[in-house]
Amino acid sequence: MPFTLATWNINSVRLRADLVGRLLREEAPDVLCLQECKSPVDKIPAEVFAALGYPHMVARGQKGYNGVAILSRLPLEDAGHRDMCGKGDARHVAARLETGVTIHNFYVPAGGDEPDRTVNEKFGHKLDFLTEMRDWFRDGRPEKSILVGDLNIAPREDDVWSHKDLLKVVSHTPIEVDHLGQVQEAGAWVDVTRADFPDGKLYSWWSYRARDWDAADRGRRLDHVWASADIAAAGHGSRILRAARGWDKPSDHVPVFATFDL
DNA sequence: ATGGTTGGAACCCAA
């Protein structure tokens, strides 16, 4: 039975509960993975989502920062989380569907402004987080698994508005792209979005700081949907809901969708 | 080269 999944960095699930509701009503994904909930789990407005037909939630949270949640119409089993870099951050959670498919929801550190770990420890944290992800998937190659989230890296030249202008900008530097590539390779993950759209510019994030995000269109593809090699062929129908960037009081990220015939 | 906006928590930090 096919199911549709979406991933969205919501930038405060409490402030934007109504936008989450709009997405659930208008697009009705079976599973919605959220990042940057910025809320303890017990303060996520789960009852609002339950009333819209999404009674299942697996989440990790903390006050003010980070936070990841998986909302679902389908029953979910909590499949744990990994505390990358041992900081106690709520940046990963996993859930399992009754079909045995495991969904990993990640929020990779943004990495600060300076792409040099000797002067910017946040950049070092980002690289270490990615290295730990790589080692984890190398030690136990994932099967029947989907990995989604705000990975805070736009790996390809056509994942950014200007490859040349962003080579030294955190999110598109060669060392980050290399680290993300090693994560993908270690787990034999297939980029479902790019399997569906092999060519051309794709963005899922536009800065709040632009005067006119739509006209300038200086976007980056930071949000990703990957599938383990064994189920990658079941993934199709990718979509990026650019229109959500124009909603009232929007997140700076938009939802990315894929459907899986599993 | 610079500064631009947003959210949360507490009057600044992270993005």
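Lettering of chains follows the sequences in order, A, B, ..., and the numbering in each one begins at 1.
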Q. Can you name the side-chain contact (heavy atoms from CB on, under 4.5 Å) partners of A:A188, sequence neighbours left out?
A. A:R141, A:A229
Q | Same-atom distance (P) from B:dT5 to B:dA1, integer angstrom | A | 22 Å
**Q.** Spacing of the C1' atoms in B:dG7 and B:dC11 (rounded, Å)
**A.** 14 Å
Q) How far, in whole Å, is B:dA9 from B:dC13 if one measures between their C1' atoms? A) 9 Å
Q | Spacing of the C1' atoms in B:dA15 and B:dG3 (rounded, Å) | A | 15 Å
Q. Among side-chain atoms of A:R221 and A:S204, is any donor-acceptor pair under 3.5 angstrom?
A. no
Q.
Consider side-chain contact (heavy atoms from CB on, under 4.5 Å). Of A:D223, A:I240, A:D217, which one does A:Y203 pass it with?
A. A:D217
Q | Interatomic distance, A:D165 CG vs B:dA1 C1' [rounded to whole Å] | A | 13 Å
(Q) Under a 3.5 Å cut-off for both contacts, is B:dG3 paired Watson-Crick or G-U wobble with anything, and if yes, with which nucleotide? (A) none
**Q.** For A:R73, all residues meeting salt bridge (Lys or Arg N to Asp or Glu O under 4.0 Å), sequence neighbours excluded
**A.** A:D30
Q | Centroid-centroid under 6.0 Å between A:W189 and A:H224 rings | A | no
Q) Taking protein heavy atoms under 4.0 Å as touching, what does nucleotides 7-15 of chain B look like 5' to 3' if B marks base contact, S marks sugar-phosphate-only contact and - marks none? A) SSS----SB
**Q.** Nearest-angstrom distance, C1' atom, B:dA14 to B:dA10
**A.** 14 Å
Q. Will you find, in the side chains of A:K38 and A:N11, an N or O donor that is under 3.5 Å from an N or O acceptor?
A. yes
Q. With both distances kept under 3.5 Å, what pairs with B:dG8, Watson-Crick or G-U wobble?
A. B:dC12
